[in-house]
**Q** 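Have a look at this one before I ask anything.
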Amino acid sequence: TFHKHKPMIIQLDWFGCNPRSKWEGQIHQTLEQAAALKTISRAQVRISEIPEQTPRYSLKVMLSIPGPDVQMSSSGHTFEEAMLKLQTMLRKTLLHRSQTSRKIDEAPLGVKASHRG
């Protein structure tokens, strides 16, 4: 398979923890699954581990996609818990976004999409 669009740029920022290839792999896999729903040109992910904080792990993501950028964050007592929450939110948001853009494309000419005011 080949893609017409440029590959996504992924930037990972590790804060308070060392990069771990297992986690990096999970992040890349999640972003690739997200890109299957909506074209992502750039993804920035900040992985934070703050031992004194509850929950201990925090993930912040910013995606550059057609339309407004998507920003979200999740947290968990383990990295896996934070990752699972993030995957769920990303999927929901991008599915909603791709369905919304499809509706705009299918709107008859001269009819203003209701959400545009």
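The shown structure was predicted, so the numbers you read here are calculated from the model rather than taken from an experiment.
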**Q** What distance separates Q44 CD from L12 CG, expressed to the nearest 0.5 Å?
**A** 10.0 Å

**Q** Closest heavy-atom contact between K38 and P66?
**A** CE-O, 4.2 Å

**Q** Hey, what do you get for CE (M89) to NZ (K92), rounding to the nearest 0.5 Å?
**A** 9.5 Å

**Q** Could you tell me the separation between the CD1 atom of I40 and the CG atom of D69, rounded to the nearest 0.5 Å?
**A** 11.0 Å

**Q** Please name the pair of heavy atoms, one in A82 and one in S74, separated by the smallest distance, quoted to 0.1 Å.
**A** O-OG, 2.7 Å

**Q** Going from CD on E24 to CD1 on I10, what distance comes out if it is rounded to the nearest 0.5 angstrom?
**A** 9.0 Å

**Q** List the atom pairs, with distances to 0.1 Å, where a side-chain N or O of residues 50-60 and a protein N or O form a donor-acceptor pair under 3.5 Å, not counting sequence neighbours.
**A**
unit_1, atom_1, unit_2, atom_2, d
Q53, NE2, P55, O, 3.3
R56, NE, E49, OE2, 3.0
R56, NH2, E49, OE2, 3.1
Y57, OH, E49, OE2, 3.2

**Q** Could you state the interatomic distance from NE2 (H96) to CG (L37), rounded to the nearest 0.5 Å?
**A** 13.5 Å

**Q** What heavy-atom pair brings A34 and L90 nearest, and what distance separates the two atoms?
**A** CB-CD1, 4.4 Å

**Q** With a 4.5 Å cut-off on side-chain heavy-atom distances among I, L, V, M, F, W and Y, is there a chain of contacts connecting L95 to I65?
**A** yes

**Q** Which distance, rounded to the nearest 0.5 Å, do you find between the CD of Q87 and the CD1 of I27?
**A** 10.0 Å

**Q** Count I, L, V, M, F, W, Y as connected when their side-chain heavy atoms are under 4.5 Å apart, and connections chain through other members. Are M72 and M62 then in the same cluster?
**A** no

**Q** Check step by step if side chain to side chain contact (heavy atoms under 4.5 Å, CB included) holds for E80 and K22.
**A** CA-CA 11 Å; E80 284 72 18; K22 179 185 171 190; 3.7 Å; yes

**Q** Does a side-chain heavy-atom distance below 4.5 Å link Q26 with F79?
**A** yes

**Q** Out of curiosity, does L31 fall in the hydrophobic cluster containing L84 (side-chain heavy atoms, cut-off under 4.5 Å, transitive links)?
**A** no

**Q** Tell me if a side-chain donor or acceptor on R97 pairs with a main-chain N or O of P68 at a distance below 3.5 Å.
**A** yes

**Q** Minimum heavy-atom separation for E81 and T78, please, with both atom names.
**A** N-OG1, 3.0 Å

